[in-house]
Amino acid sequence: WTQWELGQTLLEYQRLGLTDDPELSRILKFIDRFEGKGWITARDVARWWSAAEKPSADDLRIYMASVVDLGYANSNGESPKSKKYQILITRNPSDFSDKTPETISPVCF
């Protein structure tokens with residue numbers, strides 16, 4: 001129980017952006033932003049992405065697939081290489097699994 005409580009506390013710090021891992025912080029902010037918003041396209045993600053130079057739509061779909069791999073979303077069954085690829089956020093990030101950003105496909109932005 002104590003280990004679970006420590007994990008939940010760490011998760012809350014990460015959701016606030018207080019983490020050494022910027023990729024984890026970005027994933028949690030992404031989930032918070034799009035949870036309950038319906039099907040998400042690469043265009044939706046591009047509008048949300050805060051970097052001055054936006055990643056390509058192909059790179060954004062790979063990023064979206066990584067969120068699916070973490071278990072926070074479901075895809076529409078299309079390949080991430082397809083322009084028809086969409087995801088739906090389905091889980092609350094308070095139940096962070098044992099998967100970490102290191103276990104998903106690296107994407108350079």
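The residues of the chain are indexed from 1 along the displayed sequence.
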Pair S66-D69, side-chain donor/acceptor within less than 3.5 Å:
no

Minimal non-hydrogen separation, V68 against I87, with atom names:
CG2-CG2, 3.5 Å

State whether D58 and R61 are salt-bridged, where the test is any N-O pair (Lys NZ or Arg NE/NH1/NH2 against Asp/Glu carboxylate O) under 4.0 Å.
yes

Nearest heavy-atom neighbours spanning A65 and P80:
CB-CG, 3.8 Å

Heavy-atom distance under 4.5 Å between the side chains of F30 and I89, does that happen here?
yes

Derivation of the side chain to side chain contact (heavy atoms under 4.5 Å, CB included) call for Y63 and D59
CA-CA 6 Å; Y63 180 82; D59 287 341; over 6 Å; no

Candidate pair R47 and D44, rule salt bridge (Lys or Arg N to Asp or Glu O under 4.0 Å), full reasoning
CA-CA 5 Å; R47 289 181 187 140; D44 298 325; 3.7 Å; yes

Would you name the heavy atoms of A42 and L60 that are closest together and state the gap between them?
O-CD1, 3.6 Å

Which of W48, F34, Y85 passes side chain to side chain contact (heavy atoms under 4.5 Å, CB included) with I40? It is F34

Point-to-point distance, once rounded to the nearest 0.5 Å, from CE of M64 to CG of L88:
10.5 Å

Where the side chain of N76 meets the backbone of K84, is there a donor-acceptor pair that is under 3.5 Å apart?
yes

